[in-house]
> 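Structure provided below as C-alpha cells; questions to follow.
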Amino acid sequence: DGGITQSPKYLFRKEGQNVTLSCEQNLNHDAMYWYRQDPGQGLRLIYYSQIVNDFQKGDIAEGYSVSREKKESFPLTVTSAQKNPTAFYLCASSISQRNTEAFFGQGTRLTVV
Amino acid sequence: AQTVTQSQPEMSVQEAETVTLSCTYDTSESDYYLFWYKQPPSRQMILVIRQEAYKQQNATENRFSVNFQKAAKSFSLKISDSQLGDAAMYFCALISGNTPLVFGKGTRLSVIA
C-alpha cells in the first residue's frame with residue numbers, strides 16, 4: 001500500500017547525543033516536510049524539501065538538520081544543539097508544494113532522558 | 001506571512017448534536033487552499049475536508065461541512081450528527097503560494113455520550 005512510514009514510533013535519547021528520525025514515502029511525491037508538535041502549539045514547520053538535493057528551513061530549524069538524497073526519503077537529525085528536543089515529530093509529503101494537501105506519517109515520539 | 005488562528009482550545013458536543021469549530025486566517029495571496037485535519041488519540045493526521053479559495057461553494061464531506069467566508073477570512077467546520085469517533089484534535093491549515101502548510105494551534109473536541 002502507498003503511504004508514509006516513520007520510524008521508530010518511540011525514541012529515547014540521552015542529552016548531548018544526535019539522533020536521526022526516518023521518513024520514507026512511496027507515493028511518488030515531490031515535496032516532503034517535517035513538523036514538530038508540542039501541547040498547545042499546533043504543528044510547527046522544521047524543514048521542507050520540494051525536490052531531491054534541495055531543502056529549506058522552516059520556522060524552527062535551529063538544532064535540526066535534514067538531507068534529501070532520494071525522492072522517497074527525508075531523514076531528520078535532531079542534534080545536541082536542540083535545547084528542548086522532547087516532542088512529537090510528524091513527517092508529511094505532498095504531490096507538489098503548491099496548493100495541495102499533505103499526507104502524514106504516524107509520527108515519532110522523541111524523549112530526552 | 002500566513003497565519004491561522006483557532007480561538008477555541010476545547011469544545012464539547014453531545015452525541016448526535018451539531019458543533020461548529022472556528023478558524024480565521026490571513027494571507028496576502030489570492031490563490032490558496034484551506035484544510036481541516038483530524039488527529040485522533042492515535043495521533044495519525046487525517047484530512048477531513050478541503051476548500052479551494054476560488055470556489056464560492058462551501059465544501060461538504062458527509063457529516064462535515066465548512067462555512068467559508070472569504071471576505072472575513074473565516075473557515076469554520078461544522079460536524080453534524082456527532083459521533084463518539086469524532087472526538088479528536090482538529091487543526092485548521094492554510095497553504096498559499098509556495099509556502100508550506102501553516103497550522104492553527106488546534107481545537108480539542110470531546111463527544112459526550
Side-chain angles (χ1 to χ4, degrees), chain A residues 1 3-6 8-11 23 25 27 29-51 54-61 66 68 74 87-110, chain B residues 1-10 21-25 27 29-55 59 61 64 66 75 77 88-108:
Chain A
D1 285 359
I4 303 171
T5 302
Q6 288 187 242
K9 189 172 182 179
Y10 300 97
L11 189 57
C23 179
Q25 55 98 359
L27 300 168
H29 286 174
D30 285 323
M32 296 188 75
Y33 315 86
W34 276 105
Y35 289 90
R36 170 177 170 145
Q37 185 177 12
D38 297 282
Q41 292 293 322
L43 277 69
R44 293 182 291 168
L45 183 66
I46 305 172
Y47 269 98
Y48 62 102
S49 168
Q50 299 182 58
I51 56 172
D54 186 50
F55 49 83
Q56 288 79 40
K57 293 182 179 180
D59 300 319
I60 56 166
V66 294
R68 186 87 186 276
F74 191 43
F88 188 66
Y89 292 87
L90 282 161
C91 178
S93 71
S94 60
I95 294 173
S96 70
Q97 191 170 304
R98 289 192 68 89
N99 295 336
T100 58
E101 63 264 37
F103 297 85
F104 285 82
Q106 312 95 312
T108 294
R109 171 67 183 178
L110 173 64
Chain B
Q2 286 78 19
T3 61
V4 176
T5 302
Q6 294 179 248
S7 59
Q8 306 154 315
E10 296 183 355
L21 308 184
S22 301
C23 173
T24 58
Y25 63 93
T27 178
E29 300 279 343
S30 58
D31 182 21
Y32 57 90
Y33 286 60
L34 292 156
F35 307 92
W36 278 98
Y37 280 87
K38 171 184 178 181
Q39 188 181 44
S42 68
R43 305 198 79 171
Q44 175 71 55
M45 293 285 284
I46 302 165
L47 178 65
V48 174
I49 199 165
R50 60 178 279 165
Q51 174 79 44
E52 295 88 338
Y54 63 86
K55 288 187 177 178
E61 288 287 342
F64 298 87
V66 297
F75 182 62
L77 175 70
M89 283 290 290
Y90 286 83
F91 292 97
C92 180
L94 162 72
I95 190 166
S96 61
N98 267 326
T99 304
L101 269 174
V102 175
F103 289 85
K105 293 186 176 183
T107 297
R108 182 174 301 280

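Nothing here was measured: the structure is a model prediction, and the numbers come from that model. Numbers restart at 1 for each chain; the letters A, B, ... are given by sequence-line order, proteins then strands.
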> Tell me, yes or no, whether the heavy-atom count around B:K105 atom NZ, taken from other residues, nucleotides or ligands under 6.0 Å, exceeds 12.
no
> I need the minimum non-hydrogen distance between A:T100 and B:I95, along with the two atoms involved.
O-CD1, 3.8 Å
> Is the number of heavy atoms from other residues, nucleotides or ligands within 6.0 Å of CZ (B:R108) greater than 12?
no
> For B:P100 versus A:Y33, what's the shortest heavy-atom pair and its separation?
CB-CE2, 3.6 Å
> Side chain, backbone, both or neither: which part of A:L43 has a non-hydrogen atom closer than 4.5 Å to chain B?
both
> Run the side-chain contact (heavy atoms from CB on, under 4.5 Å) test on A:L90 and B:Q39 for me, step by step, so that the C-alpha distance in whole Å, both residues' side-chain angles and the decisive distance to 0.1 Å come before the verdict.
CA-CA 12 Å; A:L90 282 161; B:Q39 188 181 44; 4.1 Å; yes
> Tell me every residue that passes ring-ring contact (aromatic ring centres under 6.0 Å, His included) with A:Y35, counting only those two or more places apart in sequence or in another chain.
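For A:Y35, the residues satisfying ring-ring contact (aromatic ring centres under 6.0 Å, His included) (neighbours in sequence not counted) are B:F103.
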> Name all residues meeting the side-chain contact (heavy atoms from CB on, under 4.5 Å) criterion together with B:T24; count only those two or more places apart in sequence or in a different chain, and write none if there are none.
B:T5
> Counting N and O atoms only, with roles assigned by atom type, does the side chain of A:Y48 sit under 3.5 Å from a partner on the main chain of B:T99, one being a donor and the other an acceptor?
no
> Any chance you could measure A:E101, atom CD, to B:L101, atom CG, to the nearest 0.5 Å?
9.0 Å
> Please report the shortest heavy-atom distance between B:Q44 and A:F104, naming the atom on each side.
NE2-O, 2.9 Å
> With side-chain contact (heavy atoms from CB on, under 4.5 Å) as the test, would you mind laying out the steps for B:M45 and A:F103 before giving the verdict?
CA-CA 8 Å; B:M45 293 285 284; A:F103 297 85; over 6 Å; no
> Please evaluate residues A:F88 and B:R43 with respect to the criterion side-chain contact (heavy atoms from CB on, under 4.5 Å), reporting the C-alpha separation (whole Å), side-chain torsions for both, the decisive distance (0.1 Å), and the verdict.
CA-CA 9 Å; A:F88 188 66; B:R43 305 198 79 171; 3.5 Å; yes
> Count the heavy-atom pairs under 4.5 Å between each of A:A92, A:G107, A:G40 and chain B, then report the option with the highest count.
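Greatest number of close heavy-atom pairs with chain B: A:G40.
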> Against chain A, label B:L47 side chain, backbone, both or neither, depending on which of its atoms sit under 4.5 Å from a heavy atom there.
side chain
